[in-house]
Amino acid sequence: IVEGKRIDEIVEIATHCKDLEFEIIGDGDKFESMCLLVQNKKASNVKMLGAMKNEYALEHLKEASIFIMTSETEGLPMVLLEAFSYGVPAICYMTDSGVSDIVDNNLNGFIIDDRNQKVMIKKLKEIMKDDKLRKSFGKEAYLKAKEFSEKEVIKRWLEIL
């Protein structure tokens with residue numbers, strides 16, 4: 001939980017979606033300030049879970065309905081691929097790289113341009129109210145994650161070499 005991940009935006013989004021539960025896993029130099037922000041915003045639907053072993057974090061991810069990423073920049077966001085590998089669709093803000101390599105907008109998730117928080121909230125509510133859409137996105141997310149499997153990546157490298 002560092003500045004560039006913009007967890008503060010997830011907390012703000014949560015204040016507009018009181019009927020949804022948000023879990024934030026991780027630690028970092030902004031962890032304490034984010035805990036205070038949750039308190040100050042009275043965002044009782046946000047759980048700051050802190051750091052945990054990977055297998056426990058993955059258990060939480062398996063149970064998730066949607067993954068939200070508000071990062072300002074990314075390389076190849078492994079946590080997004082992990083979410084997809086469990087069939088968890090995503091809503092992400094567009095970044096210079098990484099997000100659009102994984103998320104196919106309107107197929108396995110939503111990509112929000114210009115960090116438009118109102119659109120993010122609208123799309124989050126839309127997907128959470130529509131089980132059919134969420135399941136369809138989840139299926140496509142799972143298929144997309146397979147494209148990044150070890151076997152597929154090795155195959156691509158061998159083609160290049």
Using residues 52-61 as the side-chain source, report each donor-acceptor pair under 3.5 Å to any protein atom, sequence neighbours left out, with the distance given to one decimal.
unit_1	atom_1	unit_2	atom_2	d
E59	OE2	K62	NZ	3.2
H60	ND1	E23	OE1	2.8

Quick check: does any side chain N or O of K125 sit under 3.5 Å from a backbone N or O of H16, one acting as donor and the other as acceptor? yes
If you define the side chain from C-beta out and look only at heavy atoms, does anything of E147 sit under 4.5 Å from R156? yes
K144 to F84, cation-pi by 6.0 Å centre distance and 45° axis angle: no
Looking at D113, I want to see if its CG is surrounded by more than 12 non-hydrogen atoms of other residues, nucleotides or ligands under 6.0 Å. yes
With D131, the side-chain hydrogen bond (donor to acceptor under 3.5 Å, both in side chains) member among K135, R134, K129: R134
What heavy-atom pair brings R115 and R6 nearest, and what distance separates the two atoms? NH2-CG, 3.5 Å
Mark yes when over 12 heavy atoms from residues, nucleotides or ligands other than K146 sit less than 6.0 Å from its NZ; otherwise mark no. no
Nearest 0.5 Å please: distance from the CD1 atom of I68 over to the CD1 atom of I121. 9.5 Å
For V99 and C92, which heavy atoms make the closest approach, and how far apart are they? CG1-CB, 3.8 Å
For residues V119 and M94: do they belong to one hydrophobic cluster (side chain heavy atoms under 4.5 Å, members Ile, Leu, Val, Met, Phe, Trp, Tyr)? no
Counting distance only, does the side-chain N/O of K47 pair as donor-acceptor with the main-chain N or O of S44 below 3.5 Å? yes
Please round to the nearest 0.5 Å and tell me the distance separating atom CE of M69 and atom CD1 of I7. 10.5 Å
Whether the side chain of S85 engages the backbone of Y142 through a donor-acceptor N/O pair (distance < 3.5 Å, no angle test) should be reported. no
Same cluster for F22 and Y93 if Ile/Leu/Val/Met/Phe/Trp/Tyr side chains link at under 4.5 Å? yes
Which heavy-atom pair separates S33 from K30 by the least distance, and what is that distance? OG-O, 3.0 Å
With no hydrogens and no angle check, is any side-chain donor or acceptor of D104 less than 3.5 Å from a backbone partner on L107? no
Do V88 and I25 sit in the same hydrophobic cluster, where Ile, Leu, Val, Met, Phe, Trp and Tyr count as joined when their side-chain heavy atoms come under 4.5 Å apart? no
Closest heavy-atom pair, T95 versus S71, reported as atoms and distance to 0.1 Å, is CG2-O, 3.5 Å
To the closest 0.5 Å, what do you measure between CD1 (I24) and SG (C35)? 9.0 Å
May I ask whether M78 and F67 are part of the same hydrophobic cluster, defined by side-chain heavy atoms of I, L, V, M, F, W, Y residues being less than 4.5 angstrom apart, directly or through others? yes
To the nearest 0.5 angstrom, please state how far the CE atom of M34 sits from the CG atom of D29. 9.5 Å
Hey, are the side chains of V153 and E150 touching, using non-hydrogen atoms and a 4.5 Å cut-off? no
Output the distance between atom CD1 (I66) and atom NZ (K123), rounded to the nearest 0.5 Å. 11.5 Å
Closest non-hydrogen contact found for A43 with T15 is CB-CG2, 4.2 Å
Can you tell me how far CE of M120 sits from CD1 of I111, rounded to the nearest 0.5 angstrom? 10.5 Å
Shortest non-hydrogen separation from P89 to I127 and the atoms involved: CG-CD1, 4.2 Å
I need the single residue from N40, T70, N45, L37 that forms a side chain to side chain contact (heavy atoms under 4.5 Å, CB included) with V11. Which is it? L37
With E152, which residues qualify under side chain to side chain contact (heavy atoms under 4.5 Å, CB included), at least two apart? S149, K155
With the 4.5 Å side-chain cut-off for hydrophobic clustering, are I112 and I102 part of the same group? no
Do L81 and L76 pass the side chain to side chain contact (heavy atoms under 4.5 Å, CB included) test, and can you show the C-alpha distance, the side-chain angles, and the key distance before you say yes or no? CA-CA 9 Å; L81 284 173; L76 184 67; 4.3 Å; yes
Heavy-atom neighbours of E126 CD exceed 12 at 6.0 Å: yes
